[in-house]
2 protein chains.
Amino acid sequence: MNETALCPRFEKAVGILSKRWVSLIVFQLLPGPRRFCGLEASLPNISGRLLSERLKELEQEGIVRREVFPETPVRIEYSLTDKGRALAPVLSEIGTWSTNWIEPE
Amino acid sequence: MNETALCPRFEKAVGILSKRWVSLIVFQLLPGPRRFCGLEASLPNISGRLLSERLKELEQEGIVRREVFPETPVRIEYSLTDKGRALAPVLSEIGTWSTNWIEPE
DNA sequence: CTGCATCCGATAAGATACTG
DNA sequence: CAGTATCTTATCGGATGCAG
């Protein structure tokens with residue numbers, strides 16, 4: 001009755017990626033590990049609360065890894081897992097599309 | 001001051017694509033034109049109001065075209081514009097990623 | 001059939017202040 | 001620095017009813 005049924009995995013992927021800030025956070029992590037305050041500064045309009053929440057969600061999805069370096073002061077870095085880095089082509093295609101089709105205001 | 005500033009076009013693209021249902025609607029329109037009730041049936045959990053709202057937004061973004069065929073009863077079809085079809089690679093990459101990295105529950 | 005308007009509760013987001 | 005707690009506001013989403 002629904003011959004064009006959507007693949008549940010596709011739906012799940014869309015659910016993850018379509019949360020606000022997620023694509024942008026992953027994009028910022030693509031070049032390499034970042035610290036919390038660095039990310040916060042790169043995403044000018046995100047609140048600390050949201051960034052914290054999204055990072056935790058992405059960590060649970062296995063997309064982001066959180067590492068604590070017990071120096072003094074302690075340093076905490078966020079980086080992408082293999083699963084997270086595998087999103088690069090998706091973001092790349094979004095970039096291509098936006099370059100071709102979005103007016104720069 | 002923000003040397004990793006994000007491209008505004010990229011941000012805009014993310015803003016469009018990360019709205020709920022948008023990717024799924026575009027995905028459903030990829031094979032060809034669909035009617036309202038057909039879309040509604042393909043997206044089992046969307047309400048008519050939301051579908052209507054998203055279609056209107058996508059029409060304003062120039063991603064979806066709405067055509068009225070003045071038959072009796074009137075027939076209305078939704079299809080993708082060139083801009084909309086250009087999203088195919090994005091969805092395709094999401095599909096690839098989900099196949100490789102999302103567990104089928 | 002298609003689609004829009006209104007209302008209302010649920011969620012998400014934002015600001016601010018505070019802790020280890 | 002790296003968050004967390006709390007509160008307020010904004011937005012989203014669903015149900016229903018109506019109009020072309």
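Labels below follow one simple rule: chain letters A, B, ... track the order of the sequence lines, proteins then strands, and each chain is numbered from 1.
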Reference residue B/Leu58; test side chain to side chain contact (heavy atoms under 4.5 Å, CB included); the match among B/Val64, B/Thr81, B/Leu29: B/Val64
Atom pair distance, as rounded to whole Å: NZ in A/Lys19 and P in C/dA13: 7 Å
Set of residues satisfying salt bridge (charged side-chain N to carboxylate O under 4.0 Å, His left out) with respect to A/Arg65, sequence neighbours excluded: none
Would you be so kind as to tabulate the donor-acceptor pairs closer than 3.5 Å made by side chains of residues 85-97 of chain A, with sequence neighbours excluded?
{"residue": "A/Arg85", "atom": "NH1", "partner": "A/Leu80", "partner atom": "O", "Å": "2.9"}
{"residue": "A/Arg85", "atom": "NH2", "partner": "A/Asp82", "partner atom": "OD1", "Å": "2.7"}
{"residue": "A/Thr96", "atom": "OG1", "partner": "A/Ser92", "partner atom": "O", "Å": "3.1"}
{"residue": "A/Trp97", "atom": "NE1", "partner": "B/Lys83", "partner atom": "O", "Å": "3.0"}

Which nucleotide in C/dG3, D/dG13, C/dC1 has an atom nearest any side-chain atom of B/Arg20: D/dG13
Euclidean distance, B/Thr99 OG1 relative to A/Arg9 CZ, rounded to 0.5 Å: 5.5 Å
Separation of D/dA15 P from B/Ile46 CD1 (nearest whole Å): 12 Å
Pairwise side-chain contact, A/Ile63 with A/Ile16, heavy-atom cut-off 4.5 Å (strictly under): yes
Short N-O contact, B/Glu57 and B/Arg54, less than 4.0 angstrom: yes
Neighbours of DNA chain C within residues 48-64 of chain A, by heavy-atom distance under 4.0 Å: A/Arg49, A/Leu50, A/Arg54
Nearest to side-chain heavy atoms of B/Ile76, which nucleotide of C/dT2, D/dG14, C/dG14: C/dT2
Nearest-0.5 Å distance, CZ of residue B/Arg34 to CG of residue B/Leu55: 11.5 Å
ring-ring contact (aromatic ring centres under 6.0 Å, His included) partners for A/Tyr78, two or more places apart: none
Separation of A/Glu40 CD from A/Asn45 CG (nearest 0.5 Å): 11.5 Å
Axial bend angle, the helix from C/dC1-D/dG20 to C/dG20-D/dC1: five-pair end segments, nearest 10°: 50°
Sugar-phosphate only, base, or nothing, as touched by A/Trp21 at under 4.0 Å among non-hydrogen atoms: sugar-phosphate
A/Leu39 CG - D/dA2 P separation (whole Å): 10 Å
For atom CZ of B/Phe69 and atom P of C/dT2, their distance in whole Å: 13 Å
Partner of A/Trp21 under side chain to side chain contact (heavy atoms under 4.5 Å, CB included), chosen from A/Val26, A/Ile46, A/Leu51, A/Leu39: A/Ile46
Nearest-Å distance for atom pair CZ/C1', residues A/Arg66 and D/dG3: 8 Å
Enumerate the protein-to-nucleotides 17-20 of chain C contacts in which both atoms are nitrogen or oxygen and the separation is below 3.5 Å.
none

Point-to-point distance, once rounded to the nearest 0.5 Å, from CG of B/Leu17 to NZ of B/Lys12: 11.0 Å
Upstream residue (5' side of DNA chain C) when B/Arg35 and A/Asn45 are each assigned their closest nucleotide: B/Arg35
N or O in side chain of B/Tyr78 less than 4.0 angstrom from C/dG3 OP1/OP2: yes
